[in-house]
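Scroll down for the structure; my scribbles are underneath it.
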Number of protein chains: 2
Amino acid sequence: MPDKTKISKRIIERLSEYRTTLEEIDIHGNRNIYSHDLAKLCGVTAAQVRRDLMNIGFSGSSARGYDVPELLQNVTNFLGFGEERRMVLVGIGHLGRALLDFFVDRNPKLVLCAAFDVNEMRVNRVIHGVRCYPVSVMGEVVAEMQAQMGIITVPESAAQDVASTLVESGVTGLLNFAPVQLRVPSHVFVENLNISTVLEKVAYFAGQSAEKER
Amino acid sequence: MPDKTKISKRIIERLSEYRTTLEEIDIHGNRNIYSHDLAKLCGVTAAQVRRDLMNIGFSGSSARGYDVPELLQNVTNFLGFGEERRMVLVGIGHLGRALLDFFVDRNPKLVLCAAFDVNEMRVNRVIHGVRCYPVSVMGEVVAEMQAQMGIITVPESAAQDVASTLVESGVTGLLNFAPVQLRVPSHVFVENLNISTVLEKVAYFAGQSAEKER
DNA sequence: GTAACGCTGTGAATTTTTTCACAGTAAGAC
DNA sequence: GTCTTACTGTGAAAAAATTCACAGCGTTAC
Ligand SMILES: NC(=O)c1ccc[n+]([C@@H]2O[C@H](COP(=O)([O-])OP(=O)(O)OC[C@H]3O[C@@H](n4cnc5c(N)ncnc54)[C@H](O)[C@@H]3O)[C@@H](O)[C@H]2O)c1
Ligand SMILES: NC(=O)c1ccc[n+]([C@@H]2O[C@H](COP(=O)([O-])OP(=O)(O)OC[C@H]3O[C@@H](n4cnc5c(N)ncnc54)[C@H](O)[C@@H]3O)[C@@H](O)[C@H]2O)c1
């Protein structure tokens, strides 16, 4: 895949959503779908769908729309799920455990292969099929497993250290739930998922709506 | 507050982040901050900070930058936290419980006032200070409490029903963790937080980085 | 005093993202 | 066959978001 054009975060997000939706459609047995219908299912416009698929070089037919299995295959490959990706989770607390449960059977190409915690009570066992280790061996295990991604669910104060260790061990992508700006080398991709921020956004617009209603 | 010209989601997100950061700075006792410094702490550019603050009509001084307490107050008010906002959570499962814990002492103006579940085993008790009710009384309780926002952490199959009930009871903002596109009246603001999508995005860019590294 | 500095506020330029709108096309009706 | 229809692919336009770049100003140095 001679990936040339730089594809934006936004487009990747939508492609991921198309992919999830297409999987369901495919299981349902539908062979074809129009941009318009896929758009509605994903909450975007038809033109957006066509533009996005154009960006990854996929073509449909004017009469039948897009071939579902073929498109699913293409999007999946484009997103890099042709081969297995390994990830680890650090911080087996409230949120960490919810995520351990969540990843069971999610995306077969996105494998959560280990979890770590500083608390000895929470490690040396298997939770939802994932082996849990003490943080002391984190660098070693991550490097050995060649994990590419790390999910950070430790308290704010520990997040930077965890991130640095992960990066040193070869991780190039981080999903960070701690409300802190991580400092990492520029080749590492960081996505911060700050639930407080998201909620405050909802609060703001919920307020706007309530105001308008009156 | 005469007319808030339409402020975009993106700006609100950043304002929320500024707010959190400013709170810490304020507690630390710093009286002033430059756009440049706030920008660095929040991972954006200085011009962006200045533009955003201009959008909410806040001014600093050329010599001392922005007055921290005053700015914090302004942003907080702008986001609508002058008065208390009530929210409810539906689905006291793995994720729901993590969130119940998370909201303890977060934002004093954003109060999680009730939680609901269909499973009788999980209700009629108090978890992390939040009273848990059976879904059967949800509409009633939500209306009575005048909750404005709902957090949906039920399985995909139940999400639409839950959303509809909440909206009927007066909720105007939803934070939806179920991977499904909710259909709601146009005056209701919905934010979908699909963790699979976020992770797939991280996977994509982690792959890009790893490729480049070679 | 006044000069030098480094900041903010902001028009304007630039870049990015989204939408429009329509030519081209394939299928089905008859 | 030809007509009708409804789709895709895509330049071009529009809109939105971001960055540039600099005038103007308060503070400090001397
Ligand atoms: N609970 C939520 O729903 C939620 C939501 C959004 C964000 N967050 C954020 O996610 C993070 C974790 O939240 P939580 O509620 O799961 O907290 P938690 O206290 O329940 O869990 C944190 C876990 O991290 C472990 N830990 C601490 N230091 C560590 C280190 N250096 N290395 C490895 N493990 C370490 C602790 O032992 C604990 O098990 C926090 O930053 C929080 O702000 C939580
Ligand atoms: N666990 C995670 O980390 C995670 C992460 C992202 C998204 N999600 C999504 O969040 C949702 C919940 O995930 P979970 O892991 O907490 O699942 P879970 O099965 O642990 O919890 C779901 C809860 O919802 C309750 N419920 C079911 N139907 C209901 C109804 N009609 N009304 C009220 N309550 C009802 C169940 O009794 C259960 O307690 C799912 O849609 C999941 O895809 C979960």
Side-chain angles (χ1 to χ4, degrees), chain A residues 3-18 21-22 25 30-72 74-75 78 197 201 204-205 208, chain B residues 4-18 21-22 25 30-72 74-75 78 186 197 201 204-205 208:
Chain A
D3 162 309
K4 48 219 101 155
T5 341
K6 204 186 158 208
I7 301 283
S8 75
K9 275 174 50 164
R10 205 64 79 73
I11 296 181
I12 296 298
E13 274 170 32
R14 285 195 300 264
L15 287 172
S16 167
E17 235 135 66
Y18 301 159
T21 305
L22 286 166
I25 293 166
N30 297 38
R31 310 297 296 171
N32 301 286
I33 191 164
Y34 296 126
S35 63
H36 194 77
D37 299 325
L38 183 55
K40 189 161 272 178
L41 290 168
C42 297
V44 299
T45 67
Q48 184 93 80
V49 168
R50 296 204 298 278
R51 176 72 57 186
D52 288 339
L53 299 188
M54 187 180 120
N55 275 320
I56 67 168
F58 188 83
S59 288
S61 115
S62 62
R64 254 165 291 123
Y66 300 99
D67 181 290
V68 172
E70 205 182 310
L71 176 54
L72 177 55
N74 261 263
V75 175
F78 186 87
T197 295
K201 177 171 56 174
Y204 175 81
F205 288 106
Q208 295 296 98
Chain B
K4 297 177 183 176
T5 13
K6 185 123 175 270
I7 299 282
S8 75
K9 277 172 52 164
R10 206 64 79 74
I11 295 181
I12 296 298
E13 274 170 32
R14 285 195 301 263
L15 287 173
S16 166
E17 234 135 67
Y18 301 159
T21 305
L22 286 167
I25 293 166
N30 296 39
R31 310 297 293 175
N32 301 284
I33 191 165
Y34 295 126
S35 62
H36 193 77
D37 298 326
L38 183 53
K40 187 160 273 178
L41 290 168
C42 298
V44 300
T45 66
Q48 184 93 81
V49 168
R50 295 203 299 277
R51 176 71 60 187
D52 288 340
L53 298 189
M54 187 180 118
N55 276 319
I56 67 169
F58 188 83
S59 288
S61 114
S62 63
R64 253 165 292 125
Y66 301 99
D67 181 290
V68 173
E70 205 182 310
L71 177 53
L72 177 55
N74 261 264
V75 175
F78 185 87
S186 65
T197 295
K201 176 170 59 174
Y204 175 81
F205 288 106
Q208 296 296 98

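What you see is a predicted model, and the numbers here were worked out from it, not measured in a lab. Letters go in sequence order (proteins before strands), and every chain restarts at 1. Only heavy atoms go into these numbers, but all of them, side chains included; no hydrogens, no water, no symmetry mates.
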Here the gap from I11(B) atom CD1 to S16(B) atom OG, rounded to the nearest 0.5 Å, amounts to 13.5 Å
Distance col, row S8(A):OG vs K6(A):NZ, nearest 0.5 angstrom, shows 8.5 Å
With sequence neighbours left out, what residues match [X] under side chain to side chain contact (heavy atoms under 4.5 Å, CB included)?
| X | value |
| --- | --- |
| L72(B) | R19(B), L22(B), E23(B), D26(B), T76(B) |
| S62(B) | none |
| R51(A) | M54(A), N55(A) |

Starting at atom [atom1] of [X], determine the distance to atom [atom2] of [N], rounded to an integer number of angstrom.
| X | N | atom1 | atom2 | value |
| --- | --- | --- | --- | --- |
| N55(A) | dT8(D) | CG | P | 16 Å |
| L71(A) | dG9(D) | CG | P | 10 Å |
| M54(A) | dT10(D) | CE | P | 5 Å |
| I12(A) | dT17(C) | CD1 | P | 12 Å |
| L15(B) | dA17(D) | CG | P | 13 Å |
| H36(A) | dC20(C) | NE2 | P | 13 Å |
| D37(B) | dC7(C) | CG | P | 8 Å |
| K6(B) | dA16(D) | NZ | P | 8 Å |

Practice task
Evaluate the side-chain proximity of D37(A) to I25(A): yes if any heavy-atom separation is below 4.5 Å, no if none is.
Solution key: no
Does some side-chain heavy atom of L15(A) sit less than 4.5 Å from a side-chain heavy atom of Y204(B)?
-> no
- Item | Side-chain donor/acceptor of S62(A) to base of dT25(C), under 3.5 Å | yes
Sorted by chain and number, sequence neighbours left out, salt bridge (charged side-chain N to carboxylate O under 4.0 Å, His left out) with E70(A) holds for none
Note: contacts of residues 42-53 of chain B with DNA chain D (heavy atom, under 4.0 Å) are T45(B), Q48(B), R50(B), R51(B)
Note to self: So, OP1 or OP2 of dG9(C): does either fall under 4.0 Å of a side-chain N or O from Y66(B)?
What the structure shows: yes
#### Entry: Phosphate OP1/OP2 of dT16(C): any S8(A) side-chain N/O under 4.0 Å
no
Set out, line by line, the N/O atom pairs under 3.5 Å between protein and nucleotides 27-30 of chain C.
residue, atom, partner, partner atom, Å
dA27(C), OP1, R64(A), NH2, 2.7

On a heavy-atom basis, the closest approach of N32(A) and D67(A) is OD1-CA, 3.8 Å
